[in-house]
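Computed from a prediction, not measured in an experiment: that's the story for all the values here. Computed from heavy atoms alone, side chains included, the values below leave out hydrogens, waters and symmetry copies.
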Amino acid sequence: MEIMTDKVSMELEAEEDGYLIAILKGDGETVPVTEVIGYLGEEGKISLQLERLHQKLAQHLQQVLRMMMVRAMMLMISLLLVVDLLVMFLPLKQLN
């Protein structure tokens, strides 16, 4: 893997043997030094740590979707209340 900063560019070899089983950051992406960018493991197997990360991500996405649905429902209720107020307080033209 090639590591590039504003001052240096270097090749870095993995300390362990294995297969790249997950890539968490894309090519050209800026990543803090302490952040994980990928996982090595046995061919064809997903590590327990990756499975846990997948579960956490799924839980987080479910929470985000629930929050978005609640906000959408609140917006719809607000719009309905505005329409009701407009109907109540604006004079209606009679059709003749």
Side-chain angles (χ1 to χ4, degrees):
M1 163 178 44
E2 186 175 6
I3 306 287
M4 294 185 341
T5 70
D6 55 346
K7 296 181 182 181
V8 70
S9 178
M10 63 182 278
E11 291 282 326
L12 179 68
E13 291 187 30
E15 296 175 6
E16 302 286 329
D17 288 335
Y19 293 88
L20 185 60
I21 59 172
I23 299 172
L24 303 179
K25 298 295 176 183
D27 189 22
E29 219 173 319
T30 301
V31 180
V33 173
T34 58
E35 194 165 330
V36 176
I37 60 172
Y39 288 100
L40 295 177
E42 295 179 33
E43 184 178 21
K45 293 185 179 179
I46 295 178
S47 71
L48 181 58
Q49 190 174 15
L50 272 179
E51 186 60 33
R52 287 181 183 154
L53 285 173
H54 182 267
Q55 289 172 356
K56 285 181 183 179
L57 178 61
Q59 289 171 352
H60 180 70
L61 287 174
Q62 287 175 348
Q63 290 173 346
V64 168
L65 286 174
R66 279 194 291 268
M67 288 180 4
M68 289 175 65
M69 288 177 63
V70 167
R71 289 182 179 174
M73 289 171 57
M74 290 171 51
L75 179 62
M76 289 176 62
I77 290 169
S78 297
L79 289 172
L80 288 173
L81 289 173
V82 168
V83 169
D84 282 348
L85 288 172
L86 287 173
V87 168
M88 285 182 1
F89 292 108
L90 289 179
L92 296 175
K93 292 183 179 179
Q94 293 183 352
L95 296 174
N96 288 345

Colleague: Provide the closest heavy-atom pair for K25 versus V31 in the form atom of the first, atom of the second, distance.
Modeller: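 In this case the closest contact between K25 and V31 is CG-CG2, 3.7 Å.
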
Colleague: For V82, run the side chain to side chain contact (heavy atoms under 4.5 Å, CB included) check against L80, L85, L86 and tell me which one passes.
Modeller: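 Looking at L80, L85, L86, the match for V82 under the side chain to side chain contact (heavy atoms under 4.5 Å, CB included) is L86.
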
Colleague: Same cluster or not: M10 versus I37, using hydrophobic residues (I, L, V, M, F, W, Y) connected whenever any side-chain heavy atoms lie under 4.5 Å apart?
Modeller: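 In one cluster with M10: I37, yes.
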
Colleague: Heavy-atom count around L65 CG within 6.0 Å, excluding the residue itself: above 12?
Modeller: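 Yes, the 6.0 Å shell around CG holds more than 12 heavy atoms from other groups.
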
Colleague: Answer yes or no: are there more than 12 heavy-atom neighbours, outside D84 itself, under 6.0 Å from its atom CG?
Modeller: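 Counting other residues, nucleotides and ligands, CG of D84 exceeds 12 neighbours.
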
Colleague: So V70 and R66, side-chain contact (heavy atoms from CB on, under 4.5 Å) or not? Walk me through it.
Modeller: CA-CA 6 Å; V70 167; R66 279 194 291 268; 5.6 Å; no

Colleague: For the atom pair CG (L40) and CG (L20), what is the distance rounded to the nearest 0.5 Å?
Modeller: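 It is 6.0 Å, given to the nearest 0.5 Å.
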
Colleague: Can you measure from CD (E29) to CG (L24) and round to the nearest 0.5 angstrom?
Modeller: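 Atom-to-atom, E29:CD and L24:CG are 9.5 Å apart.
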
Colleague: Calculate, to the nearest 0.5 Å, the distance between atoms NZ and NE2 belonging to K56 and H60 respectively.
Modeller: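 Here the rounded value is 12.5 Å.
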
